[in-house]
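Below is one structure, written out as structure tokens, with a few remarks after it.
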Amino acid sequence: MSDGPHRPTGLRSQVAGHFARFGHLGRMGCLCALALLAPALGWCGNATVAGEFWTEPPTLVSLGFEWRISGDDNRNAVVSVSYRKKGERQWHKALPLMRLQGESVTGGVNRTGGGHHYNQYVAPNMFAGSILDLEPGTVYECRFVLSDPDGVKGRRVRLVTVRTRSEPQPAAGGAVYNVYPFGYKGPKQQPAFTGLLAAYYLGSDESDHSREMPPRVKPGDTILVHAGIYKDNRFVYGGFNPNIAAYGTLFDGTYYLTQSGTPDKPIVIKGAGDGEVIFDGDGCDNLFNLMGGSYNYFEGITVRNTQVAFKLGIKGIAGSSGFTLKHSRVYNVGRVVEAGWSGSKDFYIADNVFIGRHNPLKLQSWFTPEVWAKFPGYPALITSEYAIKVYGQGHVIARNYVANWHDGIDVDTYGDPDGTPHELRDRVPVSIDIYGNDIYNVADNCIEADGGAHNIRVFRNRCFNSTGGALSAQPIFGGPVYFYQNLIYGGTTGGYLKLIDTPAGVLVYQNTFVGQIRFFGPASNVHFLNNLILGDGWGTAVLALRTFTNYSSSDYNGFRPNPGAAYAFEWDSPPFQVRADYEGPRETRRFKTLEEYRMGTGQDRHSRLVDFDVFRSVKIPDKSDPQRLYNPEDFDFRLRPGSAAIDAGVELPTITDGFTGAAPDLGAYELGKPVPHYGPTTWPLGEPGPDAPRSLRGPPPGS
């Protein structure tokens, strides 16, 4: 019996062509002639020539790397990875680097004409990947070994020493300034100022002089903002009436903060700890503008009543780096963080609460009118477009609660990385971590990795109630993007994963997905391992990948097909004898059963069928009530001992480390291991009250 169709391991026609051109030289002559042409043809085509090696900006818990090569036309070279803390003797195994070579990213077709969205980005010949689940502020030694059965020329082994970042903190020893609201009559700590700008600069005014004051703050300084409401009368000219609040944000209502701190000495704006600090934008377009200053740090404040709370960058114009936002609450805004500048580095946005303006009681969509148009409020307007959108390098977005938005947390859909086809090293979107976030009630996507290039890591997030595809890669420029150990439920019409606009380099590992397949390609270089994927009745197939590349793969998964569906699996790709084809037609292959799919494609040979009884207590969503908001506290996604998901996975170093049985379990939770914490570790001040809906107050304490 056949194990399924044969999929080629090399571009034999190209390799044969290289040798045919030099056949008259004999074997040794061929070797010499081809060597002279390296790296244009590679060292004898299938052999690998090692090139430049780069370490990307580190985050707190991850390290990203890139290794350019030439050759290896048959794609059988590998880079094994190991690491250890500096001073340790034992090396620990990490995931191998991902192989990239020639994946084409054109995007969709522009709706108004003019061709595709992107200028046919083509992934360089290279490896890229991450070492995951590290400790902050720690020095690691990292080892990379390049091997190829066809030979390696150049440096086969790379050893690098890298330190992960530490969580940003205020610096000791700087000046401390105290800020109070207009009209405050109590005792004041000195030096004291009325309003933020009076402390940040040498003064503030509401008249034509509102921009004239030079800065006061320096790197390492701290501004303590005391309890109260800071709301300007921005349309009142002059500021001369002592009975009218004047904070210096004349007309546009914006705090322009243009000074820069340093990574070790940020400029800190922090709640003083004597009650809630509320910055009210009075309906302004943008409250805090930091495009002219870097390493500004905010902690323990509330922001409300503005369209954009923090504007950090605009594509092609200007932007900043080193922004920190911690333990803060933002609500009644259109966007919390807008940061679309490619030069941005090292944001840290963690342990915050972001509440959008969408209906907090019901789910609604902007799309799929056949389902949603019958409900009031269709199409869902983007009154709150997204909580966070970033671009650049080294960003961390962790443990936030995000509810009632169009989108939750996004990488900017920026377009071709700057410098394409020759990526600019300091402008490529790489090394971005999005983890531990609790996302609830979104009209489109919970998390968009859209626009990222290499080492975008989306992990251990929880997404409940979405309509447009919970996790999105639209597109990815080469990859890898890591989607791992995420929990998705209530995906309705969008499903759990969106792979459109031709993404390349997607790793989908160890997730628990409840939902349909809708937006699944075409994509390239996509790989599934150790996932639990349970159909919820909204779609037909439980897995339906459309791919340009026959080296996309799937295995060691648990599937629950939709009962009564016309087919359960679909795998559309070029003819199997073709490694990759980005222009020709793809063959549509649909299968009723897992066994038929396995035999017809060679995929998921070790995968198995599961049902909702693999969990301790999880019910299928009610398709008759798509607007219903499900609460995570009403379910128990821990695996049931003895279920089909136990010991059914394959080892994924750094992701499955410490698994408890004979092999890793399937899905986001390992039997006997603690369930991840989602959302802020400590909630900020200003909770809306115990009678508010879950979307506004978050999960019950202790849940």
Side-chain angles (χ1 to χ4, degrees), residues 62 81 93-98 129-133 435 457-463 470-471 473 479-489 495-497 499 505-515 517 520 523 525-535 542-545 551-561 569 571 594 597-598 601-615 618 637-676:
S62 308
V81 183
K93 190 176 181 181
L95 290 169
L97 298 187
M98 187 182 199
S130 299
I131 302 177
L132 309 170
D133 279 348
Y435 62 92
R457 298 165 292 242
V458 178
F459 58 100
R460 298 194 195 107
N461 301 283
R462 180 170 68 188
C463 171
L471 304 179
V481 56
Y482 295 85
F483 292 122
Y484 71 92
Q485 291 178 329
N486 299 287
L487 173 62
I488 309 297
Y489 185 87
Y496 56 85
L497 190 62
L499 303 178
V506 183
L507 301 177
V508 186
Y509 291 165
Q510 207 76 47
N511 301 282
T512 294
F513 292 144
V514 177
I517 296 298
F520 243 48
N525 204 9
V526 181
H527 306 275
F528 292 80
L529 283 170
N530 288 12
N531 301 286
L532 279 175
I533 305 176
L534 291 86
V542 67
L543 181 71
L545 181 66
Y551 49 85
S552 293
S553 68
S554 181
D555 205 357
Y556 291 96
N557 300 296
F559 297 109
R560 189 245 185 204
F569 300 92
W571 194 274
L594 175 60
Y597 157 65
R598 180 183 292 141
T601 64
Q603 303 292 339
D604 283 291
R605 298 183 183 186
H606 301 91
S607 297
R608 57 183 61 189
L609 297 176
V610 300
D611 212 326
F612 282 92
D613 61 0
V614 298
F615 305 116
V618 176
F637 283 89
R638 291 177 296 173
L639 297 177
R640 183 175 55 80
S643 72
I646 303 298
D647 296 348
V650 64
E651 184 176 359
L652 299 171
T654 64
I655 294 178
T656 62
D657 290 357
F659 62 86
T660 57
D665 302 333
L666 302 182
Y669 297 166
E670 175 78 13
L671 182 67
K673 302 283 282 187
V675 173

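Remark: the backbone N or O of Ser607 is not paired with any side-chain donor or acceptor of Asn557 at under 3.5 angstrom. One N or O on the side chain of Asp555 and one on the backbone of His606 form a donor-acceptor pair closer than 3.5 Å. Within the 3.5 Å criterion, the main-chain N or O of Gly667 finds no donor-acceptor partner in the side chain of Thr512. No side-chain donor-acceptor contact under 3.5 Å links Asn530 to the backbone of Leu666.
Ring orientation note: the planes of Tyr496 and Phe520 are nearly perpendicular, at an angle over 60° on the 30°/60° scale. Using cut-offs of 30° and 60° on the angle between ring planes, the pair Phe615 and Phe637 is perpendicular.
Annotation for Ala645 and Leu639: closest pair CB-CD2, 4.0 Å, computed over non-hydrogen atoms. Nearest heavy atom pair, residue Ser553 against residue Trp571, reads C-CH2, 4.0 Å. When all heavy atoms of Tyr482 and Ser130 are compared, the closest pair comes out as OH-N, 2.9 Å. Scanning all heavy atoms of the two residues, the minimum distance from Gln603 to Ser554 falls at OE1-N, 2.8 Å. Contact between Ser62 and Leu132 at its shortest, heavy atoms only, is OG-CD2, 4.3 Å.
A centroid separation of 6.0 Å or more is found between the aromatic rings of Phe513 and Tyr489.
Under the rule for a salt bridge (charged side-chain N to carboxylate O under 4.0 Å, His left out), Asp604 has no partner lying at least two apart in sequence or in another chain. Residues passing the ring pair (Phe, Tyr, Trp, His ring centres under 6.0 Å) test with Tyr484 are Phe459, sequence neighbours excluded. Listed by chain and number, the residues in a side chain to side chain contact (heavy atoms under 4.5 Å, CB included) with Arg560 are Leu534, Asn562, Pro563, Val610, Asp611, Phe612, Ile620 (sequence neighbours excluded). Taking the side chain to side chain contact (heavy atoms under 4.5 Å, CB included) definition, one finds that Lys673 meets it with Thr660, Glu670, sequence neighbours left out. Scanning for side chain to side chain contact (heavy atoms under 4.5 Å, CB included) contacts around Pro96 gives an empty result, with sequence neighbours left out. The side chain to side chain contact (heavy atoms under 4.5 Å, CB included) test applied to Gln485 returns Arg460, Gln510, Ile655, not counting sequence neighbours.
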